[in-house]
2 protein chains.
Amino acid sequence: MQDVARAAGVSTITVSRVLRTPEKVKAATRARVVAAVRELGYVPDQGAGALSSRESRLVAALVSTLSGSIFASTVDGLAQSLREAGHQLLLGTTEYSSATEEALVATALSRRPDGIVLTSGDHTTAARSMLAGAGIPVVEVWELPEDPVDMAVGFSNQEAGRAMTRHLHATGRRRIGFVGGGRQAGRGGGRPAAGGGAADGDRRGRLRRRGYEAALAELGLGAPRVVPEPADGSMVERGARDLAALLECWPDTDAVFCSSDSAALGAVSEARRRGIAVPDRLAIAGFGDFEFAGELGLGLTTVSIPGRAIGAEAGRMLLARKSGEPVETPILDLGFTIVRRATA
Amino acid sequence: MQDVARAAGVSTITVSRVLRTPEKVKAATRARVVAAVRELGYVPDQGAGALSSRESRLVAALVSTLSGSIFASTVDGLAQSLREAGHQLLLGTTEYSSATEEALVATALSRRPDGIVLTSGDHTTAARSMLAGAGIPVVEVWELPEDPVDMAVGFSNQEAGRAMTRHLHATGRRRIGFVGGGRQAGRGGGRPAAGGGAADGDRRGRLRRRGYEAALAELGLGAPRVVPEPADGSMVERGARDLAALLECWPDTDAVFCSSDSAALGAVSEARRRGIAVPDRLAIAGFGDFEFAGELGLGLTTVSIPGRAIGAEAGRMLLARKSGEPVETPILDLGFTIVRRATA
DNA sequence: TTGAAAGCGTTACCAG
DNA sequence: CTGGTAACGCTTTCAA
């Protein structure tokens, strides 16, 4: 910056002003500075600027994973809305471990971001207190926590599970099972089904399952039909194996709600292998409306989630809050849509 | 940091040492400092540290998009390998515009990252010179550019196109078409098929198409069969429409190589709609080995790419270079695999 | 409209 | 093993 100042015959602060508030500098001076900047290929150091101005123009996002159709579009939407507002995105992946999340919250905060986005509603107490103490806006996405740290954008996973179960009931099904999610709490054990494409944390899957169970109770459909210990492997494989196990226990099952489209894909495959007519003998519903859901005569009935919009809104809320604007809906429910296709 | 120092009865530099090089501080002192850090909930400011040490522990990644099964796992792999090495990821999305990329290169460099990863092989001259002038390691991923800026990790898209075309030939096909990629250069116009899920830039699609054309020539299979102006819309839709158009022009086509699995999915759907037997009457091959490729009796024959490994390797190369280790293979070909399933 | 001085929170360098 | 001092590159605040 000093080089630029020297070349333009001004002081460094004038260079700074040309870059940040050009209208406050006389046109002639500005032109000289701009020329010098170009000439020297000067790229300002935002880190130094942040240190001085106490504004980093950085937003951190902590997601469990990017693989597997779930959060990628949310991050994409977030990155885009931040870019348009001149902010940058610091990304961390927690791999579904809240211990890792806690560590990442610390490293993220050490960059002094102007805000932070989390794709998880449950945090360690240490993480929560760091977040609260950071004094920056926090947005939790993809669910609507009962006890949000600050703001939230998402939808009710429980309502989604309930709604789909009721949809299955409305189409005449009475013996409805649940596949591919909701590992028992306290079960411990390894990370949730890796690779899969649908894993989005036990927590949310459990919420959808709770909605399923609530609907069963409301509708008087008897006890839940869930295989106790989900298989390992990818979500697709798990959907297949869970369905097999489920039919083992309850052969008369006439519908299953799968915790993700990937699991539903596996379940549909398994049903076809067994010669079970879908949906005539067995209705299958998914969750997520992944790319493949509408294709191939598969026509998967599923729940569609506005993933990209969630990210974009999170960015907007964060920046609004930062610039002091009041955020009218700090807990924003973007809802979900039941997409009725062929399988249910 | 001063507060911590005061609380522990030491100087700030000792606090710094406890945090960065604990072994250089006497155990007793260290314990006092650690206690004070915990007590006060002190989180060091890495930005300030970076300014002082000229080491940001930040790596920037510029990808075209995260949506759509292509780069998500690469970014995931990168984030993970960086995290394990104590570095953080700064993410930007270019939305397939090299003008946006140029702007993002500038903003990324303004954070003084220790390295930068790009999912594109073509950059504006301005971008190239900024990258070269930054004096940091650069890794281009997902292709092996002829004229790399610095290092590269990926595979040959052209070879992949050639290999799959030869595979189709080896299975007896002689009238082979190409679907779903390779918009004509210089055509201008809007961004490449959005949403799709398979779009990974015109450039790489074009390379695969070039490989397809090379194979046709080598094998004496006549002129390429490509519809001149690809349809808009999602990649899946585009695959369907392109196939329809292709069969319009060359009704006797007996195989198509689709530039992505999404396009192949659309093509398979279209073929089924038309009652065309796959693969008996028409073989269909994809690219990418997306999650759905192996399922549903679809059994899509495709090309599998080690996306996650590409990201992980990119991180490793970057950090190796940074720490002065020699990088034995600055242009790393991770190859591809032809996955033969049912459709071809 | 422009500039000088004083930091921002940390680490490098050199002493002790 | 520990500390003082001087940066790092920028912006804020106050003057001119």
Side-chain angles (χ1 to χ4, degrees), chain A residues 1-34 36-37 40-58 86 88 106-114 133-136, chain B residues 1-34 36-37 40-58 86 88 106-114 133-136:
Chain A
M1 195 162 186
Q2 289 206 350
D3 298 346
V4 174
R6 207 170 301 130
V10 297
S11 69
T12 58
I13 179 60
T14 298
V15 175
S16 171
R17 277 197 275 251
V18 168
L19 266 21
R20 299 170 45 89
T21 50
E23 71 285 359
K24 292 193 168 180
V25 177
K26 197 169 42 169
T29 317
R30 193 194 313 156
R32 291 209 317 278
V33 172
V34 168
V37 165
L40 301 178
Y42 168 69
V43 176
D45 183 327
Q46 283 204 66
L51 186 58
S52 179
S53 68
R54 322 188 119 286
E55 187 203 351
S56 65
R57 293 182 161 271
L58 223 46
Q88 277 169 283
T107 44
L109 292 181
S110 76
R111 298 285 174 186
R112 302 292 185 264
D114 292 340
I136 55 173
Chain B
M1 195 163 186
Q2 287 206 351
D3 298 346
V4 175
R6 206 170 302 131
V10 296
S11 70
T12 59
I13 181 63
T14 298
V15 176
S16 172
R17 276 196 276 252
V18 168
L19 264 22
R20 298 171 46 89
T21 51
E23 71 284 0
K24 293 193 168 180
V25 177
K26 194 168 47 168
T29 317
R30 194 192 313 154
R32 290 207 320 276
V33 172
V34 168
V37 164
L40 301 177
Y42 167 70
V43 177
D45 183 327
Q46 284 205 66
L51 185 59
S52 180
S53 67
R54 321 190 120 287
E55 188 203 352
S56 65
R57 291 180 162 272
L58 223 45
Q88 279 170 281
T107 43
L109 291 180
S110 76
R111 297 286 174 187
R112 302 291 184 264
D114 292 340
I136 55 174

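Judged by distance alone, with hydrogens and angles left aside, the side-chain atoms of B:Ser56 form a donor-acceptor pair with the main-chain N or O of B:Arg112 at under 3.5 Å. Put simply, the side chain of B:Arg32 gets close to the backbone of B:Ala8: a donor and an acceptor are under 3.5 Å apart. Distance alone, capped at 3.5 Å, is enough to place a donor-acceptor pair between the B:Arg30 side chain and the B:Pro22 backbone. For the pair A:Arg57 (side chain) and A:Gly86 (backbone), a donor-acceptor distance under 3.5 Å is present.
Around the CD atom of B:Gln2, the shell of radius 6.0 Å holds no more than 12 heavy atoms that belong to other residues, nucleotides or ligands.
You can see that DNA chain C meets the heavy atoms of chain B within a 4.0 Å-exclusive cut from C:dG9 to C:dA12, reading 5' to 3'.
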Heavy-atom protein contacts under 4.0 Å, nucleotides 1-12 of chain D, coded B base, S sugar-phosphate only, - none: SBBB---BBBBB

Check against side-chain contact (heavy atoms from CB on, under 4.5 Å), A:Val18 and A:Thr29: CA-CA 9 Å; A:Val18 168; A:Thr29 317; 5.7 Å; no

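Residues A:Gly47 and A:Asp45 come closest through the heavy atom pair N-OD1, 2.8 Å.
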